[in-house]
Amino acid sequence: MKNVKIQLPDGKRAEFPAGASVKTILESSGAKGLDEAVAARFNGKLVDMSHGVTEDGKIEPVAAASRDGLEVLRHSISHVMAQAVQDLFPGVKVAIGPSIEEGFYYDFDFKDTFTTEDLARIEERMAEIVSRDDSFERRELPRAEAIRFFRDRGEIYKVELLEDLPEEVDTVSLYEQGGYVDLCRGPHIPSTGRIRAFKLLNVAGAYWRGDEKNAMLQRIYGTGFATKAELDDYLTAVEEAKKRDHRRLGRELDLFQVNDEVGPGLIIFHPKGALLRTIIEDWERKEHLKRGYDIVQGPQILKGDLWKRSGHFDHYRENMYFTEVDEELYGIKPMNCIAHMLIYKSKIRSYRDLPLRYFELGTVHRHEKTGVLHGLLRARQFTQDDAHILCTPEQLNAEIQAITGFVDDAMRIFRFEYEVELSTRPAKSIGTDEDWEMATTALEDSLKDRGMAYEVNAGDGAFYGPKIDFKLKDALKRKWQCATIQCDFTLPERFDLTYVGADGERHRPVMLHRVILGAIERFMGVLIEHYGGAFPLWLSPVQATVMTVTDRHIPYGEEVLRSLREAGVRAEGDFRNEKLGYKIREGQMQKVPFMLVIGDREVESRTVSPRQRDGENLGALAVPDFIRLVLEKTDRFE
RNA sequence: GCCGAUGUAGCUCAGCCGGUAGAGCAACUGAUUCGUAAUCAGUAGGUCAGGAGUUCGAAUCUCCUCAUCGGCUCCA
């Protein structure tokens, strides 16, 4: 937590971590017996003890002062919600109710279902509790006594939580507000009256303890902020995000469709979507060739025996499609690795040949559960920018570093920030401990050598090896998993891949699986939402629309359009008999970067007048000058 | 797959207690030839997701199936 300097009431300056409360600050400088209701003067402003220091040195209500404060506030609201629910629906059992990134939730076991009308009633009851300003009282109890307490009240979920605590825990804390008691570690706000802005959002099913074998509980989501203004800002931001939804923009910009006649999770790309996709794929091929990859291509279906040998049949069968050809079982590929290994195996390899980098825009099919499908972001057929690198253990570090450099370049070009995670061995996995150790170290060392910050995600690796995940952050700060590097020592073993070393002996290569953008479909979905459909010029399927003012300008308009297309500018013409304002409006809604208005002036001077998407007019330009402008920007990924 | 909600014209949505379908935009036709976010008029468009049932009669009530949306679990 960042330290900030503040001025104390006595005029002295001192440093405290952001989020520290006024009470803590005063107590640390000797004040005693401060009650929450006491007020003090900071920077000339009279504030109560529940205020705290923000990162920029301001004194605000503690909830707004820091992330921690906001979490405490939201967690307290979730207790108030649980109280309201149990008031209104006797017999409902409570499970857990934490604060989360955007608000809070509480899970309930209720034999009926909560409706939208119920949410409104719960909100009303919560407002009553808030207006009573009941204080949150902390109380500690021996664990056994707490178990008895909750068992007597039939709160079986709380009992289970208490029973599963580590053995050494002998005391637990309870919080009570207005007669409602909950098992809770705390902390909480002093009293319910501090709650000023909250809203219940929706109800959803959720498994008890996140396990699909357990009972399905009902989860009520809500959010809360220190002020009404912040809550309103949040709600408008949610509305804005909806306008960027790639499924909505996909239709509005005529990019793609998911059609239930075709089948769930299967995407049809329309001309503009397919063009956007082609632009990305062309970029991929060029970048891979530049970096020493070979472009390869495998078949869509491979015999069942290969999948048994690779381990996919044992570990991935429920996600695969199978078909029978001439009484033989074939698996439709869910991954691209096998063909790449067979290319490697097609001849004897020397250490001088390594590393070998096989790249494929590989289309795969995965039988995803219907409930997880989500537009372009989660489909049943998708195309990965997949590569498999076969190298010696000594080359591993340099190869991994080169890939992280590739990801970094890609993220810069597509204008994303990103975070890095290292995922280690999961419970369901294959391979020896030594191999896992070696592979995990190789990944970790490469990150350290590049000086990259990363977090460890224990137990989240693939079944055949550990991985580095890159989570990109879009314009709305949402995170998406796209690039990943996976270290695999198992498949080279299973397929008996070897190379002849300098010593004349046969050795086992290591294999890296990696994707840069991940799946083209998912990446496009993220791109659409990131840019809100207003793609940079180099990615725009239509870079310029030529618009005529009247019919007599059509011949010159067609001439301009032809010149643009011949020069490689992606252009369209709007020569309809409509008013210019109407055409501009459509061009704006289609988010076309340039609109070229053709009227008498342009015909006469043989120029174009480009209007940018942001409304700015560039004035008259000769056609070759405009072409140069577009092509230069395109080359610079602008 | 699980919990809940939803499915009416290309899109956004009306359609009450069951009496046989409507608007705006888009499309099409005509008029208009116009300079930077919507010109006017007219026309056409629907097995009310699909199937079964209740009823004299179903978009509306019941059941089943499919799909979508919000979550959970899983994941590129």
Side-chain angles (χ1 to χ4, degrees), chain A residues 105 107 110 112-116 201-221 242 245 247-248 251-252 254 257-265 316 318-319 334-336 362 364 366-386 460 462 467 469-471 480-484 486 513-526 547-554 576-590 595-602 609-613 615-618:
Chain A
Y105 66 79
D107 285 346
F110 178 36
D112 298 327
T113 48
F114 293 115
T115 63
T116 323
L201 301 170
N202 60 325
V203 190
Y207 299 109
W208 166 235
R209 298 193 139 182
D211 188 331
E212 61 184 331
K213 289 179 205 74
N214 287 341
M216 176 72 68
L217 305 173
Q218 287 184 65
R219 175 171 297 178
I220 301 181
Y221 283 92
K242 268 189 204 156
D245 189 305
R247 291 163 297 185
R248 175 176 173 161
R251 188 183 55 243
E252 289 175 359
D254 200 11
Q257 64 172 307
V258 243
N259 181 330
D260 59 352
E261 277 182 277
V262 177
Y316 209 73
E318 66 277 16
N319 274 309
M335 294 176 188
N336 305 299
V364 295
R366 295 184 188 175
H367 183 227
E368 303 291 350
K369 294 174 180 176
T370 51
V372 307
L373 301 174
H374 186 93
L376 294 181
L377 299 179
R378 196 79 183 270
R380 281 183 169 168
Q381 177 190 310
F382 57 95
T383 300
Q384 298 175 300
D385 59 339
D386 203 2
D460 212 30
K467 58 179 182 166
D469 287 330
F470 296 80
K471 303 255 157 99
W480 305 95
Q481 147 99 69
C482 287
T484 164
Q486 306 179 350
H513 306 245
R514 50 103 284 189
V515 290
I516 303 295
L517 304 184
I520 304 294
E521 289 79 358
R522 171 177 289 185
F523 191 73
M524 283 175 67
V526 175
M547 294 172 180
T548 46
V549 178
T550 74
D551 287 355
R552 67 176 177 278
H553 306 120
I554 292 178
R576 292 174 301 172
N577 174 15
E578 293 287 352
K579 294 178 90 165
L580 182 62
Y582 184 87
K583 297 185 186 184
I584 299 271
R585 180 181 145 82
E586 284 206 348
Q588 282 301 132
M589 290 195 304
Q590 288 298 307
M595 284 171 256
L596 305 180
V597 176
I598 305 287
D600 289 340
R601 287 202 295 274
E602 287 73 23
S609 296
R611 178 198 206 269
Q612 289 188 154
R613 191 162 46 192
E616 196 192 334
N617 240 306
L618 297 188

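Per chain, numbering begins at 1; letters A, B, ... match sequence-line order.
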Inset, instruction - Please examine the side chains of A:Gln588 and A:Arg611, heavy atoms only from C-beta on, and report whether any two atoms are closer than 4.5 Å. - result: yes
Legend entry - Side chain to side chain, A:Leu618 and A:Glu616, heavy atoms closer than 4.5 Å: yes
Pick base, sugar-phosphate or nothing for [X], based on heavy-atom distances below 4.0 Å to the nucleic acid.
X	value
A:Glu368	base
A:Gly371	base
A:Gly581	sugar-phosphate
A:Asp551	base
A:Asn617	base
A:Gln481	sugar-phosphate

Short side-chain N/O contact from [X] to OP1 or OP2 of [N], under 4.0 Å:
X	N	result
A:Arg247	B:rC69	yes
A:Arg209	B:rU73	no
A:Arg219	B:rG4	no
A:Lys579	B:rU36	no
A:Thr113	B:rG4	no
A:Tyr221	B:rC72	yes
A:His374	B:rG70	yes
A:Arg378	B:rC74	no

Looking at [Y] and [X], is there a salt bridge between them, counting it only when a charged N and a carboxylate O are closer than 4.0 Å?
X	Y	value
A:Asp469	A:Lys471	no
A:Asp211	A:Arg209	no
A:Arg514	A:Asp386	no
A:Glu318	A:Arg366	no

Taking only the side-chain heavy atoms of [X] (C-beta and beyond), determine which of [options] contains the nearest atom.
X	options	value
A:Val372	B:rC34, B:rC74, B:rG35	B:rC74
A:Arg251	B:rU12, B:rA67, B:rC72	B:rU12
A:Val597	B:rA76, B:rU36, B:rG1	B:rU36
A:Arg585	B:rC72, B:rA37, B:rG35	B:rA37
A:Lys369	B:rC34, B:rA37, B:rU73	B:rU73
A:Tyr207	B:rG35, B:rU33, B:rC2	B:rC2
A:Ile584	B:rU36, B:rA76, B:rG35	B:rU36
A:Arg366	B:rA37, B:rA76, B:rU68	B:rA76
A:Glu212	B:rG1, B:rC34, B:rA67	B:rG1

Legend entry - Test salt bridge (Lys or Arg N to Asp or Glu O under 4.0 Å) applied to A:Arg576 and A:Glu586, step by step: CA-CA 12 Å; A:Arg576 292 174 301 172; A:Glu586 284 206 348; 2.8 Å; yes
Legend entry - B:rA37 pyrimidine/purine six-ring stacking with A:Tyr582, under 5.5 Å and 30°: no
Inset, instruction - Give a yes or no on whether a donor-acceptor pair under 3.5 Å exists between the nucleobase atoms of B:rG35, that is its base, and the side chain of A:Glu602. - result: yes
Legend entry - Under 3.5 Å donor-acceptor pair, A:Arg611 side-chain atoms to B:rU36 base atoms: yes
Given atom [atom1] of [X] and atom [atom2] of [N], what is their separation to the nearest angstrom?
X	N	atom1	atom2	value
A:Glu261	B:rG10	CD	C1'	14 Å
A:Leu580	B:rC34	CG	P	12 Å
A:Met216	B:rG70	CE	C1'	13 Å
A:Gln588	B:rG35	CD	C1'	15 Å
A:Asn336	B:rA76	CG	P	13 Å

Legend entry - Any strand: nucleotide that pairs with B:rG7 via Watson-Crick or wobble, under 3.5 Å: B:rC66
